[in-house]
Amino acid sequence: QVQLAESGGGLVQAGGSLRLSCAASGRTFSSRAMGWFRQASGKEREFVATISWSGDSTYYADSVKGRFAISRDNAKNTVDLQMNSLEPEDTAVYYCALGRSKISVFSMRNADSWGQGTQVTVSS
């Protein structure tokens with residue numbers, strides 16, 4: 001079973017940037033899609049971004065399109081989320097997820113494994 005561990009969260013001012021990283025253990029990482037989700041206090045977990053097993057295809061939630069970028073390095077078993085032009089509305093715990101398919105993971109039911117999450121707080 002793949003174990004996932006996020007890092008890189010923190011406190012940043014609005015307009016700033018953060019880069020989240022997710023390290024995976026296990027051999028199935030390179031053959032699966034990966035995704036980032038987030039959960040704000042009192043809200044449901046929501047999709048942020050996903051990347052195919054090869055890195056050729058990426059998809060984003062409308063709320064982050066043009067500001068966030070997902071990437072992966074299969075040699076290092078990592079998937080990153082570069083977050084620019086951060087807004088207070090981006091404040092949440094961010095989770096990486098291992099997809100069940102090669103192409104994408106858009107919803108929680110399509111995820112096999114989750115990390116423990118990393119807190120991102122954007123101050124206004």
Side-chain angles (χ1 to χ4, degrees):
Q1 185 175 357
V2 174
Q3 304 284 332
L4 303 174
E6 302 94 338
S7 61
L11 173 64
V12 64
Q13 288 188 332
S17 299
L18 278 176
R19 188 176 184 89
L20 305 183
S21 187
C22 175
S25 64
R27 289 178 288 180
T28 58
F29 172 84
S30 60
S31 64
R32 303 280 195 93
M34 292 294 297
W36 284 95
F37 291 72
R38 66 187 182 187
Q39 187 167 15
S41 180
K43 296 187 177 181
E44 293 187 350
R45 193 171 300 187
E46 64 176 7
F47 165 77
V48 175
T50 185
I51 187 167
S52 63
W53 68 280
S54 63
D56 288 346
S57 298
T58 57
Y59 304 94
Y60 298 91
D62 287 343
S63 58
V64 307
K65 202 172 293 182
R67 300 188 298 122
F68 290 12
I70 188 170
S71 61
R72 68 188 296 162
D73 186 334
N74 286 342
K76 296 181 179 179
N77 273 20
T78 58
V79 58
D80 291 350
L81 185 69
Q82 177 66 43
M83 305 186 296
N84 300 323
S85 302
L86 283 161
E87 304 168 351
E89 293 74 21
D90 296 317
T91 295
V93 178
Y94 284 70
Y95 299 89
C96 66
L98 175 74
R100 293 181 179 174
S101 77
K102 284 179 173 287
I103 305 304
S104 63
V105 51
F106 285 107
S107 67
M108 293 178 61
R109 63 178 177 269
N110 295 127
D112 255 352
S113 300
W114 294 89
Q116 81 288 350
T118 185
Q119 176 71 47
V120 171
T121 303
V122 184
S123 62
S124 57

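All values below come from the heavy atoms of this structure, side chains included, with hydrogens, waters and symmetry mates left out.
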Could you tabulate the donor-acceptor pairs under 3.5 Å formed by side-chain atoms of residues 22-29, not counting sequence neighbours?
{"residue": "S25", "atom": "OG", "partner": "Q3", "partner atom": "N", "Å": "3.2"}

message: When you compare the side chain of S63 with that of R38, does any pair of heavy atoms fall below 4.5 Å?
response: yes
query: So, do D90 and R67 sit near enough that their side-chain heavy atoms are less than 4.5 Å apart?
result: yes
query: Should we say atom NZ of K76 is surrounded by more than 12 heavy atoms from elsewhere, each under 6.0 Å from it?
result: no
Rounded distance (nearest 0.5 Å) linking atom CH2 of W114 with atom CE of M108: 5.0 Å
field: Sequence neighbours excluded, every pair satisfying disulfide (SG to SG under 2.5 Å) that has a member inside residues 31-92
entry: none
message: Restricting to non-hydrogen atoms, name the atom on I70 and the atom on Y60 that form the minimum distance, rounded to 0.1 Å.
response: N-OH, 2.9 Å
- prompt: In terms of side-chain heavy atoms, does Q82 have a donor or acceptor partner in D80 at a distance below 3.5 Å?
  reply: no
task: Output, in order, the C-alpha distance, side-chain angles, deciding distance and verdict of side-chain contact (heavy atoms from CB on, under 4.5 Å) for V122 and E89.
output: CA-CA 8 Å; V122 184; E89 293 74 21; over 6 Å; no
Nearest non-hydrogen partners of F37 and V105, listed with the distance: CZ-O, 3.7 Å
message: Side chains of M83 and L20, heavy atoms from C-beta outward: is any pair under 4.5 Å?
response: yes
task: Answer whether the closest heavy-atom distance between the side chains of M34 and L4 falls below 4.5 Å.
output: yes
task: Sorted by first residue and then second, give each disulfide (SG to SG under 2.5 Å) pair with at least one member in residues 41-86; sequence neighbours left out.
output: none
